[in-house]
Amino acid sequence: MEDTTAADTSDAPRPDIATPLVAWFRAEARDLPWRRPGFPAWGTLVSEIMLQQTQVARVVPRLEAWLTRWPTPADLAASPPGEAVRAWDRLGYPRRALALHAAATAIAGQHDNVVPRDVDALLALPGIGDYTARAVAVFAYGDRHPVVDVNVRRVLARAVLGEGEPGPAKAKRDLPLMESVLPEDREAAAATNAAVMELGALVCVARSPACDVCPIADRCSWRAAGYPEHDGPRAPRQARFAGSDRQVRGLVMAELRASDVPVTRDEVDLVWPDAEQRARALASLLRDGLVVGDDATGYRLPDA
DNA sequence: TAGCCGTGGGA
DNA sequence: TTCCCAAGGCT
């Protein structure tokens, strides 16, 4: 018997969500720096890396300062990686700053200081994965690709699949699903990507979605089904932060960012009481290249 | 591939 | 206070 509950595998044509979403986006989209006319592709790349797991409101000020200091990839590449880590400040996941510096170095050296437009070329850069590569190709260059982040996955899970929340991210399934929603027209497809993301960020949010103001409420599968509880596999929850190695790494990094001179081992030892965990955090930071030095010379951000 | 990698805002 | 979760990527 045919499974009529599996909306994703049904042959029946699905309602058009792109058209009403783009109309809504034109009227309601936030005024954000990377949506300004003439915003450079380099700015789009920097913004997308900063936005990985980080809220828009925290990114905007850092982004403007970053682009003022480093207007092109070559400008960033000419600075020590530690300066990128310092300028990253408290955005979190500082490995992103190191990856961005490495990406800038590659762009300056291998791409004539021009951010690549090709998705595969973008994917080859450090710190750029399925989401960021397509976001740059679509939002900086206007090309036609599916862009899938957590907002898109949530909107598609609800509106198209009729599920309350997205399962674990899976490119093999997520990219074709978003592709199936995109209009053929290149510019309309780019607008649809932005619109679906924006809906997920502003209306179709994880907790307490604002279905009463949703422009596609009348064609939402989840709503039509009566908002069933999510039953399928759930996206994994992140581990507790308090007391974690992540917290200790963050404390060590804050210490190094705040110092213009190498930080002594004694000073490092003051950031956290547990010696074993401290050692583990410091070792992992050294392994990541976020910290250089040793007990004899002290510890500092990478200068070359 | 499941687990790890920061920090902070909002409920 | 505590918990959730945020324009993901890497190994």
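Quick note on labels: first sequence line is chain A, next is B, and so on, each numbered from 1. This one's a predicted model, so the numbers in the text were calculated from it and none came from an experiment.
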Query raised in the report: Under a 4.0 Å heavy-atom cut-off, which of residues 179-196 of chain A touch DNA chain B?
Result: none
**Report entry** Pairs touching residues 99-113 of chain A that satisfy side chain to side chain donor-acceptor pair (under 3.5 Å), sequence neighbours left out
**Finding:** A/T72-A/N113
Report summary line: With sequence neighbours left out, the residues meeting side-chain contact (heavy atoms from CB on, under 4.5 Å) with A/A169 are A/R153, A/D174
Report summary line: Here the salt bridge (Lys or Arg N to Asp or Glu O under 4.0 Å) pairs for residues 290-304 of chain A, sequence neighbours left out, are A/R265-A/D295, A/R300-A/D303
Report task. Give every residue pair that meets the side chain to side chain donor-acceptor pair (under 3.5 Å) criterion with at least one member in residues 277-287 of chain A, sequence neighbours excluded. Result -> A/D245-A/Q277, A/D245-A/R280, A/R249-A/S284, A/D269-A/R278, A/W272-A/Q277
Query raised in the report: Which ILVMFWY residues can you reach from A/Y93 by hopping between side chains whose heavy atoms are under 4.5 Å apart?
Result: none
Query raised in the report: A/W34 near the nucleic acid: base, sugar-phosphate alone, or nothing, with a heavy-atom cut-off under 4.0 Å?
Result: base
Query raised in the report: Under a single-linkage rule joining Ile, Leu, Val, Met, Phe, Trp and Tyr whose side-chain heavy atoms are separated by less than 4.5 Å, which residues share a cluster with A/W222?
Result: A/Y227
Would you mind writing out the side-chain donor-acceptor pairs for residues 117-128 of chain A within the sub-3.5 Å range, not counting sequence neighbours?
residue, atom, partner, partner atom, Å
A/R117, NE, A/D143, OD1, 3.3
A/R117, NE, A/D143, OD2, 2.8
A/R117, NH2, A/Y141, O, 3.4
A/R117, NH2, A/D143, OD1, 2.7
A/D118, OD2, A/D120, N, 3.2
A/D118, OD2, A/A121, N, 3.0

Report task. Could you tell me whether A/R36 and A/E64 make a salt bridge, using a distance below 4.0 angstrom between a side-chain N and a carboxylate O? Result -> yes
Report summary line: For nucleotides 2-11 of chain B, 5' to 3', base contacts (B), sugar-phosphate-only contacts (S) and non-contacts (-) with protein non-hydrogen atoms under 4.0 Å give ---BBBBBB-
Query raised in the report: Does any pair with a residue in residues 195-208 of chain A pass salt bridge (Lys or Arg N to Asp or Glu O under 4.0 Å), and if so which ones, sequence neighbours excluded?
Result: A/R30-A/E198, A/R35-A/E198
Under 3.5 Å, sequence neighbours excluded: what are the donor-acceptor pairs made by side chains of residues 233-243 of chain A?
residue, atom, partner, partner atom, Å
A/R234, NE, A/E165, OE1, 3.1

Query raised in the report: Between which nucleotides of DNA chain C, 5' to 3', does chain A make heavy-atom contacts below 4.0 Å?
Result: C/dC3 to C/dC10
